[in-house]
Amino acid sequence: MSTTDSPTPPSTDFVRELVRQDNSQGTFGGRVQTRFPPEPNGYLHIGHAKAICIDFGLANEFAGRCNLRLDDTNPETENEEFVSGIIADLTWLGFPPPEPILYASDYFEQIYQWAEHLIERGLAYVDDQDGETISAQRGGYGKPGIESPFRNRTPEENLDLFRRMRAGEFADGSRVLRAKIDMQDENMQLRDPVMYRIRRQHHFRTGDQWSIYPTYDWAHGQSDAIEGVTHSLCTLEFDSHRPLYDWYLEQLPLPSDKPRQTEFARLELTYTVTSKRKLAALVAQGTVDGWDDPRLPTLRGLRRRGYPAASIREFCNYIGVSRTNSRHDIELLESFVRTELNRTALRRMAVLRPIRLVISNWPTDADGNPVVELCEVVNNPENPDEGTRMVPFSGVLYLESEDFSADPPPQFFRLAPGREVRLRAAYFVKCESYTTDADGNVTEVQCTYDPETRGGNAPDGRKVKTTLHWVSAAHAIEATVALYDRLFTTKVPGDTTGDPFDELNPNSLELLSNCKVEASLADTPLGSVVQFERLGYFAHDPRTPMLFHRTVGLRDEWANIQKRSK
Ligand code: ATP
Ligand code: MG
């Protein structure tokens, strides 16, 4: 192949190829309409983000439309709180859903009428057997299905029973409506699937209007058709449902072109569960502190943790739309977060586990008080436009306790007795002595400073191995910092023991309540992210001032994983 000067083609994948093909052949009249159809029974998670980027991304790219449709066909676990949460999270992620917001429940009447249409044509029947019997009769691969004794009821009898089901005459679970397809089809989905169940359950939108509710399969394609969806994209587990999706639509007098279902791989991450049921259980058990706990892969958890929406979108674009299920390393997502924050986050100094550092030769003023100097510190070396700030420096400082060792091991280059280090943007200091408590813990380090090294450079050109961060004790303010580890101890939670909850990490949260930080951090807007120098990125909690969550560390662990796998 010869090289050309043409620009690299825009990224593509099988879904985009399909849409292009449809457009070039005039299928759907060149229209592209997708939908994002969450069930309002929980909050959105990182897996949904992939679906969102595909559904909304595709519509944007092809000048089409993507609606938010709440798939509210199962009233038991759904509510208004989740609806507004979903809208808020979509908006935060960068895809504010267009008005009007759509609901499957708005189509209940039409879908019901279509069920009568199938009954009238002899394509659906009321079955009086219980759920267990019906599923036993479904058979399995290589195991024939058994026809229900109620399969051959007349359309008249079925219509009468079905209307009485709707009217609430029968007990919950006593009857179902089933499609009459083929009890011997190789695809189990086509063995007379259930269309309606009796459930006298209050629905958060339709109230007590309905005592029967449609199944996912019976409602989904029909909702797509009512809205004029062209490309109905869903995850791979619905692959075997596609013939049923098509069968239903083929039997109905549709208002527009028949939508087409296409499946893509679910997003899974290492050390993470992305099932709403499991996430809901973690919240209900109190393992985590609500749906926005920063350890959860929910969009609101990631947001509170400090993940920029842009980094989640970038990650989703990078992994693309594949057709095979795979689990991505969580470090890859974190590297997108780090790259974005490195560009945007302001640098600040914070000491998480403080010890005192006293400069014995620090000058005092005429009143005998220690002099306070202001050091000019760069706000973001990646972005000169962010400028500098003045940070007070004086004779008593806080230092990270792990930055001092009374008895340094061979590779320890930080502060130790007799050793000189640089304090960021301030001075060289040399450790002369230290104090311990009764248990031998270091409580204070005594140093001398070299007044010639102001700004952090020695005029005689002498070097130090390390630069440490610090906070002036008299000017520091207190903060609480939450450090996080993985919520699960295994890459594939549940893989070892069969139950992900057996593989929970008991040490996923460490709360440090005694941190000493630069006073300017009080002005950091709630919800925004800064870099604590040398420590990582930290997000100011959206509600609680001076509570910071560790977003990600500074080290690019993804690069290490890649190096190892080469
Ligand atoms: P869960 O198993 O977590 O309950 P779900 O598929 O039942 O997920 P829905 O609210 O029905 O959750 O999902 C809405 C849309 O998001 C669907 O189109 C679904 O296919 C997609 N989706 C859900 N989880 C993922 C995931 N992990 N990766 C990609 N898409 C997903
Ligand atoms: Mg679902």
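Nothing here was measured: the structure is a model prediction, and the numbers come from that model. We use all heavy atoms of the structure for the numbers below, so side chains are in, but hydrogens, waters and symmetry mates are not.
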Are R543 and D292 close enough for a salt bridge, meaning some N to O gap below 4.0 Å?
-> yes
Give a yes or no on whether the backbone of E386 and the side-chain of N379 come within a donor-acceptor separation of less than 3.5 Å.
-> yes
Are the ring centres of F393 and W362 closer than 6.0 Å?
-> yes
State whether a side-chain donor-acceptor pair under 3.5 Å links N67 with R35.
-> no
R20/F62 under side-chain contact (heavy atoms from CB on, under 4.5 Å): CA gap, chis, key distance, verdict | CA-CA 9 Å; R20 276 193 201 103; F62 290 91; 3.9 Å; yes
Within the side chain of T544, is there an N or O that forms a donor-acceptor pair under 3.5 Å with the backbone of D541?
-> no
Any Lys/Arg nitrogen of R486 or E334 sitting under 4.0 Å from an Asp/Glu carboxylate oxygen of the other?
-> yes
Does OH in Y434 sit with more than 12 non-hydrogen atoms of other residues, nucleotides or ligands closer than 6.0 Å?
-> no
Between R304 and P542, is there a donor-acceptor pair closer than 3.5 Å when you use the side chain of the first and the backbone of the second?
-> no
Full working for side-chain contact (heavy atoms from CB on, under 4.5 Å) between E268 and T274 | CA-CA 7 Å; E268 305 283 358; T274 48; 3.0 Å; yes
For atom OH of Y318, is the number of surrounding heavy atoms from other residues, nucleotides or ligands below 6.0 Å larger than 12?
-> no
Looking at T91 and P96, what are the two nearest heavy atoms and their distance?
-> OG1-CA, 3.8 Å
Are Y43 and E81 linked by a side-chain donor-acceptor pair shorter than 3.5 Å?
-> yes
Taking H469 for its side chain and V351 for its backbone only, find out whether a donor-acceptor pair lies under 3.5 Å.
-> no
Establish, from distance only, whether the side-chain atoms of N325 and R266 form a donor-acceptor pair under 3.5 Å.
-> no
Working for side-chain contact (heavy atoms from CB on, under 4.5 Å), residues C447 and L415 | CA-CA 10 Å; C447 293; L415 195 61; 4.1 Å; yes
What's the shortest heavy-atom distance between H475 and A519, and which atoms?
-> O-CB, 3.7 Å
CA sep, side-chain torsions, deciding dist, call: Y427, W470, ring pair (Phe, Tyr, Trp, His ring centres under 6.0 Å) | CA-CA 11 Å; Y427 289 100; W470 49 269; 9.5 Å; no
How far does CD1 of I46 sit from CG of L333, to the nearest 0.5 angstrom?
-> 5.0 Å
Aromatic ring centroids of Y216 and F238 under 6.0 Å?
-> yes
Work out which heavy atom in L374 is nearest to a heavy atom in R454; give both atom names and the distance.
-> O-NH2, 2.7 Å
Are side-chain N/O atoms of Q446 and S360 paired as donor and acceptor at under 3.5 Å?
-> no
Under the 3.5 angstrom rule, does the side chain of T235 hit a backbone N or O of E237 as a donor-acceptor pair?
-> no
How many angstroms lie between atom CZ of F336 and atom OH of Y307, to the nearest 0.5 angstrom?
-> 12.5 Å
Could you tell me whether a side-chain N or O of R313 sits under 3.5 Å from a main-chain N or O of C53, the two making a donor and an acceptor?
-> no
Does S528 reach the main-chain N or O of T524 with its side chain, forming a donor-acceptor pair under 3.5 Å?
-> no
Separation of Q562 CD from R564 CZ (nearest 0.5 Å) | 11.0 Å
side-chain contact (heavy atoms from CB on, under 4.5 Å) between N457 and R422, intermediate numbers included | CA-CA 8 Å; N457 290 302; R422 175 190 295 108; 4.0 Å; yes
Answer yes or no: is there an ion pair linking R353 with E510, defined by an N-O contact shorter than 4.0 Å?
-> yes
Greater than 12 external heavy atoms within 6.0 Å of R356's CZ | no
Give a yes or no on whether a salt bridge exists between E420 and R462, defined as a side-chain N under 4.0 angstrom from a carboxylate O.
-> yes
Pair F548 + F538: ring centers closer than 6.0 Å = no
Quick one: does T466's side chain have a donor or acceptor within less than 3.5 Å of a partner on F413's backbone?
-> yes
Spacing of C515 atom SG and M546 atom CE [to the nearest 0.5 Å] | 9.5 Å
What distance do N441 atom CG and T436 atom OG1 have between them, rounded to the nearest 0.5 Å?
-> 8.0 Å
Shortest non-hydrogen contact from T34 toward A59 | OG1-CB, 3.9 Å
Check the pair F428 / Y449 against ring pair (Phe, Tyr, Trp, His ring centres under 6.0 Å), numbers first and verdict last.
-> CA-CA 6 Å; F428 284 12; Y449 86 113; over 10 Å; no
Heavy atoms only: give me the nearest P493-V273 pair and the separation to one decimal.
-> CB-CG1, 3.9 Å
Parallel, tilted or perpendicular: which fits the ring planes of F501 and F488, with parallel below 30° and perpendicular above 60°?
-> tilted
Indicate yes or no: does E400 engage R534 in a salt bridge with an N to O separation below 4.0 Å.
-> no
E503 side chain to G494 backbone, donor-acceptor under 3.5 Å | yes
Do other residues, nucleotides or ligands put more than 12 heavy atoms under 6.0 Å from R327 CZ?
-> yes
Taking all atoms of both residues into account, what is the closest heavy-atom pair of M349 and L521, and its distance?
-> O-CD1, 4.1 Å
Are any of the side-chain nitrogens in E533 or R348 under 4.0 Å away from the carboxylate oxygens of its partner?
-> no
Check whether any side-chain N or O of S394 sits under 3.5 Å from a backbone N or O of V371 as a donor-acceptor pair, and report yes or no.
-> yes
Plane angle bin for Y484 and H549 - parallel if under 30°, tilted between 30 and 60°, otherwise perpendicular = parallel
Between CZ on residue R16 and NE2 on residue H231, distance to nearest 0.5 Å = 12.0 Å
